[in-house]
Amino acid sequence: SGPVFLRQWLARIENCYDIRCSWLRSYLSQICSFSHRSNQLNIESENAAFPLDHLAIGKDPDADALVMRSGTLSYKMLNHRVGLLAAWLLGQGLVKGDRVGTWLAKTELACIMPLASARVGLIHVPVNPLLKPAQVAHIMSDSGARLLISNSGRLKSLEDSDVDCGLFEDKAIASALELLGEPVAPSPSTTDTDDLAAILYTSGSTGRPKGVMLSHANLTLGALSVAEYLKLSADDRTICVLPLSFDYGQNQLFSAWAAGGCAVPLDYLTPRDVMKACAREKITTLAAVPPLWVQLVEQDWPEDAVASMRRLTNSGGALTPSLVKQLRAIFGAGTDIYAMYGLTEAFRSTYLDPALIDDNPTSMGTAIPFAEILVVDEARAVAGRPGLLERSRADRGTVQKRAGGIGLPRDCGLLGRYGEARRGRPALFREPRRCDDQEFRQPDQPDRDRKNCRRIGDGCRSGCSGSARRTPRSGDPAFCQACRC
């Protein structure tokens, strides 16, 4: 299309003259993003965010939406099941704003609960199945959850824990859904997309798990953004191997549904299970984190597991140059490899064009759709040399168009730790807080939205075509791995 051609032309100019035209690049990115993604999803560009449960509606009611061991759900059936679960939730006496916890593997109930709870104004709190009972008890107490759904074994482990909420077994709920008559209809399009829809908790590796508040807009714009830059389509089949309590894992479901594609959740025991599922289900999209990639590249991948693969995505840690070479050797030049970078406890901020990864394996790339990043120096001015990475949020669906300005419409997850909603305060963003000894700050410049800009704090330098490359933080300890929510 025209906008895509202009963006490619701009990249050539920047490469030749070693300059950055970030404001024009951002503008063209927004045009490209909305020009076909909004048309596919029937979403107006000026109001891209939408109620989370509308992901279950899909474009083709008869298309495959979710593959489970028990069978495959079409979008029509997915929407119906979401409505039934929403009806069951209402039958428990829950009211808008109540929290609902799930401590489950990748069951059907775990996959549809985010949409069902959103449909009736509830807030979903997914819990990592690997967490210990004491950690689960803390999350239930901290979030103020009214009920927790899990299997019988996990519920039994909570008998000696101080869990003050209703406990429900997943199998009993599944049986109850079969007896319900009328499902709840999709939420109205007038639903306030700034309403809280989920609270995702960190792994608790450095202390007690901490919650991150996510609105309908955060989650749906995140789905649209990822579906856009990954070029997902209705015939894509995404295997979901990461925990659904992890934003990267949950987004595999949401971005697949945003594109009208099919999600295939998988609980695996060995890397070989992942490889077999890719072959069996003709998977086109595989997302993982570096520790899993290290195990996957050691497998002897058969042709039928590789043939359908269109893209591999990585986040939650850096892909090393050697891993990139190993993945390329297995999957060949026909499979795109996406390296992505994000904030701890939040959403991805950048991605690297897969055409550049072989020559630039350590690059962070450029901003994802709906976002823009900026490298600033210690004085918080735009840096022409190594500096610190910053990201901000702007209102609604337009990027600030002033020269040098940065904006992020309805930021996809850059939110304060949970706490405000419990006190009845509606704002999604908290005041600057400390995280890993780095305070989130805003550039001290009058033409930027001071409330919405956040300092990431990672050392960074600008590259050609507006890309960014991470550099070590001065005086900071090195981290070998970080877990995001």
Next item on the list: Using only heavy-atom distances, determine whether the side chains of Thr285 and Arg311 contain a donor-acceptor pair under 3.5 Å.
Entry: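 Note: Thr285 and Arg311 side chains meet the donor-acceptor criterion.
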
Next item on the list: State whether a side-chain donor-acceptor pair under 3.5 Å links Tyr351 with Thr313.
Entry: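 No, no side-chain donor-acceptor contact under 3.5 Å.
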
Hey, what do you get for [atom1] ([X]) to [atom2] ([Y]), rounding to the nearest 0.5 Å?
X: Lys210; Y: Thr202; atom1: NZ; atom2: OG1; answer: 5.0 Å
X: Met340; Y: Leu319; atom1: CE; atom2: CG; answer: 9.0 Å
X: Gln250; Y: Cys240; atom1: CD; atom2: SG; answer: 10.5 Å
X: Met275; Y: Leu286; atom1: CE; atom2: CG; answer: 12.0 Å
X: Asp64; Y: Arg237; atom1: CG; atom2: CZ; answer: 6.0 Å
X: Ile337; Y: Phe331; atom1: CD1; atom2: CZ; answer: 8.5 Å

[X] side-chain N/O to [Y] backbone N/O, donor-acceptor pair under 3.5 Å:
X: Asn151; Y: Arg154; answer: yes
X: Tyr338; Y: Tyr229; answer: yes
X: Asp273; Y: Thr270; answer: yes
X: Thr284; Y: Met309; answer: no
X: Arg328; Y: Thr335; answer: yes
X: Ser308; Y: Ile283; answer: yes
X: Lys106; Y: Asp267; answer: no
X: Trp103; Y: Asn128; answer: yes
X: Asn314; Y: Gly317; answer: yes
X: Asp236; Y: Ser233; answer: yes

Mind checking whether [X] and [Y] have side chains closer than 4.5 Å, heavy atoms only?
X: Leu66; Y: Thr72; result: no
X: Val226; Y: Arg348; result: yes
X: Thr220; Y: Thr193; result: no
X: Thr238; Y: Val264; result: no
X: Gln135; Y: Arg208; result: no
X: Leu214; Y: Leu196; result: no
X: Ser315; Y: Val289; result: no
X: Trp301; Y: Cys278; result: yes

Next item on the list: May I have the step-by-step check of side-chain contact (heavy atoms from CB on, under 4.5 Å) for Trp257 and Leu78, ending in yes or no?
Entry: CA-CA 11 Å; Trp257 292 337; Leu78 175 65; 3.9 Å; yes

Item checked: Chi angles and distances behind the side-chain contact (heavy atoms from CB on, under 4.5 Å) call for Phe254, Leu52 -> CA-CA 9 Å; Phe254 295 166; Leu52 181 62; 4.1 Å; yes

Item checked: For Ala63, side chain to side chain contact (heavy atoms under 4.5 Å, CB included) partners two or more places apart -> Asp60, Tyr75

Item checked: For His124, side-chain hydrogen bond (donor to acceptor under 3.5 Å, both in side chains) partners two or more places apart ->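 His124: side-chain hydrogen bond (donor to acceptor under 3.5 Å, both in side chains) contacts with Thr102.
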
Closest heavy-atom pair and its distance - [X], [Y]:
X: Leu219; Y: Ala198; value: CD1-CB, 4.1 Å
X: Ala118; Y: Asp53; value: CB-N, 4.4 Å
X: Ile239; Y: Ala277; value: CD1-CB, 3.7 Å
X: Pro265; Y: Leu253; value: CG-CD2, 4.4 Å
X: Leu244; Y: Gly249; value: CD2-O, 3.9 Å

Next item on the list: Give the C-alpha distance, both sets of side-chain angles, the deciding distance and a yes or no for side-chain contact (heavy atoms from CB on, under 4.5 Å) between Ser245 and Val127.
Entry: CA-CA 6 Å; Ser245 57; Val127 179; 5.8 Å; no

Next item on the list: Show your reasoning for whether side-chain contact (heavy atoms from CB on, under 4.5 Å) applies to Ser225 and Ile368.
Entry: CA-CA 7 Å; Ser225 177; Ile368 65 173; 3.5 Å; yes

Checklist line | Salt bridge Lys276-Asp304, side-chain N to carboxylate O under 4.0 Å | finding: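 No, Lys276 and Asp304 are not salt-bridged.
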
